[in-house]
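Positions are given from 1 along the sequence.
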Amino acid sequence: MADGTIVVCDGLRAVGESLAAYLVRDGLTVAAVVVTAEQLLDAVAGHQPALVLLDVAVARRYPGRLVAALARTGDAKVLMLGPLTAAGDAAEALRDGLQGWVSDRASGAEMLDAVHAVLRGEFQVPPELVVGALRSTAGSLALLAQPGDRGSACGDPRIAALGDRERTVLVCLVEGMDRRGIATRLRISENTVKTHIGRILVKLGAHSMLEAAAIGRAAGLNNS
């Protein structure tokens, strides 16, 4: 994977080239600008970029789950560009490993901030979009406990079943960290983090890191 290299995918080439030019002026490296999902998959396979900046409209036109397809093609983080009302799109993409979302109404500076945050390994999705994505996911309303209904982490038998290290990793997930960020904080390898997360998902009965984080958040799990 090429550190800092970006592939831009927007359904309108002029928009994609404008975004790429803005990134290049900030000192970032853009390996390719493409307009279709098929071109994007080819570019990711060929360049192995660190980040894909993806127009949600392109993802919608792909006959499948594009973020999942990208994960099978390379290790690039995906930052999606789209409206903050697109909860359904966000829910699917988050389940498949989306790392960030930036509003299509964001300023150039806000987009750059999101790009740099995702490249650092930070989870960069607006809170209102995460909530909307959870609500649009089947069964997730049960995870969105009202403030007065939240119990302690110890009161949830699923949380109580976690080992000390697993609980620490779950806290990191609640904070929105990805595997690389967790590995850095805990001074362990990403493969070890992946193993812990796999065990956490099994014990919580969760299907994704996002769902696990929601369970931990609803149980009141935090650093305090």
_Taking the side chain as everything from C-beta on, heavy atoms only, tell me whether Asp178 gets closer than 4.5 Å to Val118._
no

_To the nearest 0.5 Å, what is the distance between CG on Leu66 and CD on Glu92?_
9.0 Å

*Sequence neighbours excluded, which residues qualify as salt bridge (Lys or Arg N to Asp or Glu O under 4.0 Å) partners of Asp96?*
Arg65

*Checking Asp55 side chain against Ala57 main chain: does a donor-acceptor pair fall under 3.5 Å?*
yes

*Verify, without hydrogens or angle tests, whether Gln99 (side chain) and Met80 (backbone) share a donor-acceptor contact under 3.5 angstrom.*
no

*salt bridge (Lys or Arg N to Asp or Glu O under 4.0 Å) with Asp89: which residues, sequence neighbours excluded?*
Arg60

*Separation between CD of Glu166 and CD1 of Ile197, rounded to the nearest 0.5 Å*: 11.0 Å

*Give the C-alpha distance, both sets of side-chain angles, the deciding distance and a yes or no for side chain to side chain contact (heavy atoms under 4.5 Å, CB included) between Gln124 and Val102.*
CA-CA 8 Å; Gln124 190 74 13; Val102 61; over 6 Å; no

*Verify side chain to side chain contact (heavy atoms under 4.5 Å, CB included) between Leu53 and Asp10, making sure each step is shown before the conclusion.*
CA-CA 8 Å; Leu53 182 58; Asp10 195 283; over 6 Å; no

*Which distance, rounded to the nearest 0.5 Å, do you find between the NE2 of His116 and the CG of Leu28?*
4.5 Å

*Asp42 and Val34: CA distance, side-chain angles, deciding distance, side chain to side chain contact (heavy atoms under 4.5 Å, CB included) verdict*: CA-CA 10 Å; Asp42 287 344; Val34 297; over 6 Å; no

*Treat each ILVMFWY residue as a node, draw an edge where side-chain heavy atoms are under 4.5 Å apart, and state whether Val58 and Val35 are in one component.*
no

*Sequence neighbours excluded, which residues qualify as salt bridge (Lys or Arg N to Asp or Glu O under 4.0 Å) partners of Arg61?*
none

*So, Trp101 side chain and Gly82 main chain: donor-acceptor pair closer than 3.5 Å or not?*
yes

*Would you say the side chain of Tyr22 lies within less than 4.5 Å of the side chain of Val115, judging by non-hydrogen atoms?*
no

*Which of these, Arg185, Arg180, Arg179, sits in a salt bridge (Lys or Arg N to Asp or Glu O under 4.0 Å) with Glu190?*
Arg180

*How long is the gap from CG on Leu170 to CD1 on Ile182, to the nearest 0.5 Å?*
9.0 Å

*With side chains defined as the heavy atoms from C-beta onward, is the minimum distance between Leu119 and Lys77 less than 4.5 Å?*
no

*Examine Val56 and Leu210 and state if one hydrophobic cluster contains both, with Ile, Leu, Val, Met, Phe, Trp and Tyr joined whenever side-chain heavy atoms are less than 4.5 Å apart.*
yes

*Is there a side chain to side chain contact (heavy atoms under 4.5 Å, CB included) between His196 and Leu186 once you walk through the steps?*
CA-CA 12 Å; His196 285 312; Leu186 301 184; over 6 Å; no

